[in-house]
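Below is one structure; the comments refer to it alone.
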Amino acid sequence: MAKVQGAVKVNQERCKGCDLCVVACPLDVLKLQPKEVNNRGYHYAYMHNPEACIGCASCAMVCPDGCIEVYRVTNK
Amino acid sequence: MTPEEIMKPENLVYAKPRLLNDNHMHYCPGCSHGVVHRLVAEIIEELGIEDSTIGVAPVGCSVFAYNYIDIDWIEAAHGRAPAVATAVKRLNPSRMVFTYQGDGDLAAIGTCETIHAANRGENIAIIFINNAIYGMTGGQMAPTTLEGMKTSTTPYGRRVDLNGYPLEMSKLLAQLDGTCLVTRQAVHTPAAVRKAKAAIKQAFINSMEGRGTSVVEIVSTCNSGWKMSPAQSNKWMEENMFAKYPLGEIKNTVKK
Ligand SMILES: Cc1ncc(C[n+]2csc(CCOP(=O)(O)OP(=O)(O)O)c2C)c(N)n1
Ligand code: SF4
Ligand code: SF4
Ligand code: SF4
């Protein structure tokens with residue numbers, strides 16, 4: 001098992017689908033919903049490839065709307 | 001472990017700062033203003049100065065900044081934020097006072113107020129969002145617009161013979177004896193965001209300590225005005241804006 005595992009929680013209703021978190025993630029974890037939209041009509045971001053996340057918070061650093069919560073565990 | 005197992009409060013490493021409230025920000029998707037708002041909220045929270053901070057909001061896209069960050073604010077007329085901040089800080093010397101201004105606000109209509117506040121060495125922090133355009137009013141040329149850059153008022157690109165040269169406000173402000181910190185940052189990558197945060201934090205501490213005027217320019221994007229996607233805008237900024245507005249500290253008189 002990977003030593004460091006992460007997960008992110010995207011605030012779907014706050015997200016504006018700007019794609020900046022998707023571009024910033026070094027491990028291609030995130031994607032924008034291809035069809036689903038939130039109640040403002042934005043294709044919000046979601047964890048497309050959750051196993052790859054290391055909880056580095058790069059996505060959260062660049063998010064202009066403070067939508068991303070980052071969690072991380074270190075497996076011993 | 002599954003994402004659900006990882007997403008436990010004890011494993012939380014990053015969340016939106018509390019001071020950035022739940023109001024939906026009106027900024028276009030991907031706008032740099034949002035990132036800088038988040039940093040301002042984080043820093044005020046970390047320094048524990050939410051009750052002793054007064055922000056001065058400008059006119060421009062960030063005119064509603066007071067709706068998003070839960071601190072005390074005062075709204076200034078276009079360009080007058082440094083003059084208003086001067087009064088606020090002089091009357092409340094124990095407060096941390098900062099302005100938040102776009103390049104149209106700071107480098108066009110408010111050039112006079114900005115230069116004189118900095119020259120007087122007012123103990124305020126100035127956050128200067130340089131997106132090289134008037135965002136709010138529909139993407140007109142700003143003094144900071146790059147040579148050749150297309151805007152709604154320079155549809156064939158800015159011409160130096162007609163419109164003059166892009167105004168480098170930070171370089172100019174660094175010449176003044178009243179400034180203690182002048183630095184140029186960006187928020188397009190995680191590393192840049194961390195550096196910008198450190199710079200704004202230093203500026204806020206300078207205001208509290210009464211060390212003079214601090215200026216933190218954030219070279220920013222206005223993807224709507226530039227007519228590109230947010231990701232393309234970041235790339236365009238790296239390739240074009242950074243040549244004219246290189247990142248880094250320009251002046252710092254505070255001994256580390
Ligand atoms: C006295 C006055 N003159 C002009 C305007 C029109 N106006 C509103 S915002 C703006 C420019 C804003 O550009 P900038 O400061 O770069 O901020 P941005 O919107 O790009 O964040 C102008 C000219 C105004 N509101 N008040
Ligand atoms: S925390 Fe890091 S690895 Fe996980 S989604 Fe965000 S950027 Fe990608
Ligand atoms: S950076 Fe933020 S607003 Fe943009 S798509 Fe990602 S979560 Fe949504
Ligand atoms: S017009 Fe430009 S500066 Fe204004 S919110 Fe949109 S992207 Fe941001």
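No hydrogens, no waters, no symmetry mates; every other heavy atom, side chains included, goes into these values.
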Part of A/L20 within contact of chain B (heavy atom distance under 4.5 Å): side chain
Interchain contact, B/L12 with chain A, by part (heavy-atom threshold 4.5 Å): both
Rounded distance [0.5 Å steps], CD in B/Q232 versus CG in A/D19: 10.5 Å
Inter-residue atom distance B/N223.CG - A/C18.SG, 0.5 Å rounding: 8.5 Å
Which portion of A/V23 sits near chain B, non-hydrogen atoms under 4.5 angstrom: side chain
Heavy-atom pairs under 4.5 Å with chain A, option from B/E4, B/E5, B/R194 with the top count: B/R194
Which atom of B/M7 lies closest to which atom of A/V8, heavy atoms considered: CE-O, 3.3 Å
Among the listed options B/K197, B/H188, B/K8, B/E10, the residue most often paired with chain A at heavy-atom distances under 4.5 Å: B/K8
Candidate pair B/N11 and A/R72, rule side-chain contact (heavy atoms from CB on, under 4.5 Å), full reasoning: CA-CA 5 Å; B/N11 300 329; A/R72 186 168 54 216; 5.9 Å; no
Rounded distance (nearest 0.5 Å) linking atom CG of B/L39 with atom CE of A/M61: 8.0 Å
Approximate separation, where rounding is to 0.5 Å, of A/S58 OG and B/Y14 OH: 12.0 Å
Where B/I6 and A/G6 come nearest, the two heavy atoms and their spacing: CD1-O, 3.7 Å
From NZ (B/K16) to CG (A/D65), nearest 0.5 Å: 10.5 Å
Min side-chain heavy-atom separation A/P64-B/C31 under 4.5 Å: no
Exceeds 12 heavy-atom contacts within 6.0 angstrom, atom CG of A/N39: yes
Under 4.5 Å from a heavy atom of chain A, the part of B/Y27 involved: both
Most chain B-contacting option - heavy-atom pairs closer than 4.5 Å, from A/A7, A/C56, A/A24: A/A7
Side-chain (A/K16) to main-chain (B/M25) donor-acceptor, under 3.5 angstrom: yes
Residue part contacting chain A, namely of B/V35, when any heavy atom lies under 4.5 Å: both
For B/N23 against A/R14, the heavy-atom pair lying closest together: O-NH1, 3.4 Å
Within 6.0 Å of CZ in B/F64, more than 12 heavy atoms from elsewhere: no
For the student: nearest non-hydrogen atoms of B/P29 and A/Y42, plus distance: CG-CE2, 3.7 Å
